[in-house]
Amino acid sequence: MTSSLDWVLLVAVVVLAGAVVAGMILGARALKRLQPGKPVVNPDDPQFLAQKDRQERSLAQLRSAADEASSAVDDAKAAAATARAEAAAAKAEATAGRAEAKRVLEAAHAEADTILERAHRQAEADAEEVRAAARRSGEREVALLNATAKESAAEVERRAARIDERERLHAEEVERLVERERRLAAVEADLAQREQALARRDAELREAEDKRRLELERVAGLTADAARAELVEGIEQQAKREAAILIRDIEHDARSTAETRARHIVVDAIQRVASEQTAESVVSVLHLPSDEMKGRIIGREGRNIRAFESVTGVNLIIDDTPEAVLLSCFDPVRREIGRLTLEKLVLDGRIHPHRIEEVYDSARHEVERLCDRAAEDALVEVGITDLHPELATLLGRLRYRTSYGQNVLKHLVETAHIAGIMAAELRLDVPTIKRCAFLHDIGKALTHEVEGSHALIGADLARKYGESDDVVHAIEAHHNEVLPQTIEAVLTQASDACSGGRPGARRESLEAYVKRLERIEEIAGGKSGVEKVFAMQAGREIRVMVRPEDVDEIGAAVLARDVAKQIEEELTYPGQIRVTVVRESRVTELAR
């Protein structure tokens, strides 16, 4: 640091010396210009005055430069003195730093020696601990090896003992085998003696049999061949009887199997068809926005209601029912047209005879479109694509026809599905049987227009529009008005009965079904000792819970027989009803 300051001061002095030298040179030149010997110039000459002014200014600048150089030299000297003082202070500080560093280094050496000595002592202590731990580990391993050796020796002793025991048992087994061979030899000798005795006895028996046969022939007056023929004849008669019994059993098994198979097919078909529960609709109800609309429907002196009934053919019943009117008609299609007509008139608000006729035409076309759409949807669902358009139109009219609360068009679709499932189970012609079942009630669309049974009317329609003989016969025979002659007719009858007879399909059937279930539970619940009764599986099974302290095992059997007998006597039901009596004993104890 001191050398750098010396160099800075040296450079400053050199620069100042150069500046002084330059000032002196410029002053000398100015003095030369003022020396005599030059031509005299007029003091009043302007050029002389201007040059004099310039020289004076130059002298003034030289003096100021000299003064500045002197001040600069003084400043440089002062700076040099300050630098020398700072250098001296820096040297003193450096000397003190060297002394401090030396002292710190000596202290560090002393501390390092102390730490090294402490580390040596710690290392010796750790080494001693490691040696002690190694000594203890070695002692444990030696003890473990000794224990293992002792266990091995004990195991060897145990194995030797087991080997000795096995040798002893083997020797005993050898002795038993020898004894057994000795007994077998004795038994063989005994058997040989017995065989000889049996041979002698057999010979004696043959001689006795020959004597007995000769005596029988003498007494009966028959030879052996004649007796054999008589015996064969008796055996033949017995075999025929047994064969007849076997044939009867086989036929009975075949009937029971066929009945079970048929029941399985029907039940499977019903279970695979999901149908809704229906309710019979006798009249149509139209809700009104307010009771004052009734007066507008009736009109002045009743002209609107008379015009409505004459145009639509539907009886309009207006009574005290709040905000509602009833429409009654035998023809369900006509009743739906009337309901839709009245609904549009109420929404429009203009009710007069001319407007009634206009709205009636619009409602009639809309109902026809709805019927056609319903027929198309039903045909697509069943899978029939080649039906005559007139038959399709008649099917659409069944959309608003009900039978005991069951919609006829939905009944036809359901019947077709059930028949198709049964036909598939029996490996028959599924499309033909589904067609027969789907068209079996087509005559109901014309029962209010044509006299006669709907089965015969439907058969005439199917024959008229080109259906096959099997389809026509199935339609006319599904209510036994014509004796069924084909499997298609039989399956149509079965599927029709399944669809119409299931619980919830028709209003009257549902009521009878519920009453039968209630009566079954009443019969079982009235017996002594009965706690609970459950009718299950659509009334085909009844489970009776009895109190075990009141009814014993024999009493449970008697109760089941009494309930079954009373159900047989009082109720009418399809198939059979299983009565199950459940007697359960429970013992409960608390562990405290």
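Computed from a prediction, not measured in an experiment: that's the story for all the values here. Only this structure's heavy atoms are used, side chains among them; waters, hydrogens and symmetry mates stay out.
Under a 3.5 Å cut-off, the side chain of Lys444 and the backbone N or O of Leu398 do not form any donor-acceptor pair. Side-chain N or O atoms of Glu309 include one that pairs as donor or acceptor with a backbone N or O of Leu316 at under 3.5 Å.
When all heavy atoms of Ala494 and Met422 are compared, the pair lying nearest together is CB-CE, 4.1 Å. Nearest heavy-atom pair across Ile520 and Leu571 is CG1-CD1, 3.3 Å. Minimum heavy-atom separation, Cys436 to Thr492: CB-OG1, 3.5 Å. Contact record, Val367 with Glu336: CG2-CG, 4.1 Å, taken as the closest heavy-atom pair. Residues Leu387 and Ala392 come closest through the heavy atom pair CD2-N, 4.0 Å. The two residues Gly420 and Lys434 have their closest heavy-atom pair at CA-CG, 3.6 Å.
Between Glu358 and Arg350 there is no salt bridge, since no side-chain nitrogen of the basic residue lies less than 4.0 Å from a carboxylate oxygen of the acidic one. At a threshold of 4.0 Å, the pair Arg364-Asp361 counts as salt-bridged, since one of the basic side-chain nitrogens sits closer than that to a carboxylate oxygen. Checked for salt-bridge contact, Asp372 and Arg369 miss the test: no charged N lies under 4.0 Å from a carboxylate O.
Counted within 6.0 Å of CD on Glu301, heavy atoms from surrounding residues, nucleotides or ligands total 12 or fewer; the atom is thus considered open. No more than 12 heavy-atom neighbours from other residues, nucleotides or ligands sit within 6.0 angstrom of CZ on Arg194. Asp469 CG: 12 or fewer foreign heavy atoms inside a 6.0 Å radius. Counting heavy atoms of neighbouring residues, nucleotides and ligands inside a 6.0 Å radius, atom CG of Leu184 exceeds 12 of them.
Distance CZ/Phe308 to CG/Leu342: 4.5 Å, rounded to 0.5 Å. Between the OG1 atom of Thr432 and the CD atom of Glu488 there is a distance of 6.5 Å, given to the nearest 0.5 Å. Distance CG/Leu327 to OG1/Thr341: 9.5 Å, rounded to 0.5 Å. One finds the CG atom of Leu409 at 8.5 Å from the CZ atom of Arg399 (value rounded to the nearest 0.5 Å). Separating the CG atom in Leu461 from the NE2 atom in His454 is a distance of 12.0 Å, to the nearest 0.5 Å. In this structure, the separation between CZ on Arg578 and CD1 on Ile542 is 13.0 Å, given to the nearest 0.5 Å.
Residues satisfying the side chain to side chain contact (heavy atoms under 4.5 Å, CB included) test with Ser362, not counting sequence neighbours, are Lys344. In this structure Glu570 satisfies the side chain to side chain donor-acceptor pair (under 3.5 Å) test together with Arg519, Gln566, sequence neighbours excluded. Partners of Arg435 according to the side chain to side chain donor-acceptor pair (under 3.5 Å) rule, which considers only residues two or more places apart in sequence or in another chain, are Asp386, Glu467. Residues that satisfy the side chain to side chain contact (heavy atoms under 4.5 Å, CB included) test with Pro431, not counting sequence neighbours, are Asp429.
Of the residues Val582, Val530, Val551, Ile523, the one that meets the side chain to side chain contact (heavy atoms under 4.5 Å, CB included) test with Val544 is Val530. Of the residues Val325, Ile318, Asn315, Ile356, the one that meets the side chain to side chain contact (heavy atoms under 4.5 Å, CB included) test with Ile305 is Ile318.
Two residues are said to be in side-chain contact when any heavy atoms from C-beta on lie closer than 4.5 Å; Glu414 and His417 fail this criterion. Leu412 has its side chain out of reach of Ile442: every pair of non-hydrogen atoms, C-beta onward, lies at least 4.5 Å apart. Residues Asn304 and Arg296 are not in side-chain contact: their nearest non-hydrogen atoms beyond the backbone lie 4.5 Å or more apart. Contact of the Val359 side chain with the Arg355 side chain is registered, since non-hydrogen atoms from C-beta on lie closer than 4.5 Å. Contact annotation: the side chain of Gln493 approaches that of Asn480 to within less than 4.5 Å [non-hydrogen atoms, C-beta and beyond]. A 4.5 Å side-chain heavy-atom check between Leu439 and Leu395 finds at least one atom pair inside the cut-off. A 4.5 Å side-chain heavy-atom check between Glu553 and Arg583 finds at least one atom pair inside the cut-off. For the pair Lys410/Val413, no side-chain contact is recorded, criterion being any heavy-atom separation below 4.5 Å from C-beta on.
Applying the ring pair (Phe, Tyr, Trp, His ring centres under 6.0 Å) test to residues at least two apart or on different chains, the pairs with a partner in residues 423-446 are His411-His440, His440-His478. For the ring pair (Phe, Tyr, Trp, His ring centres under 6.0 Å) condition, the pairs that include at least one residue of residues 335-392, sequence neighbours left out, are His388-Tyr465.
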Run Ile351 and Ile297 through side-chain contact (heavy atoms from CB on, under 4.5 Å) and show every step you take.
CA-CA 7 Å; Ile351 304 176; Ile297 293 173; 4.0 Å; yes

Evaluation steps, side-chain contact (heavy atoms from CB on, under 4.5 Å), between Asp496 and His479 = CA-CA 9 Å; Asp496 181 28; His479 280 318; 3.8 Å; yes

Exercise for the section: Take Asp377 and Arg373 through the test salt bridge (Lys or Arg N to Asp or Glu O under 4.0 Å) and record every step on the way to the result. Expected result: CA-CA 6 Å; Asp377 294 341; Arg373 180 62 180 273; 3.5 Å; yes

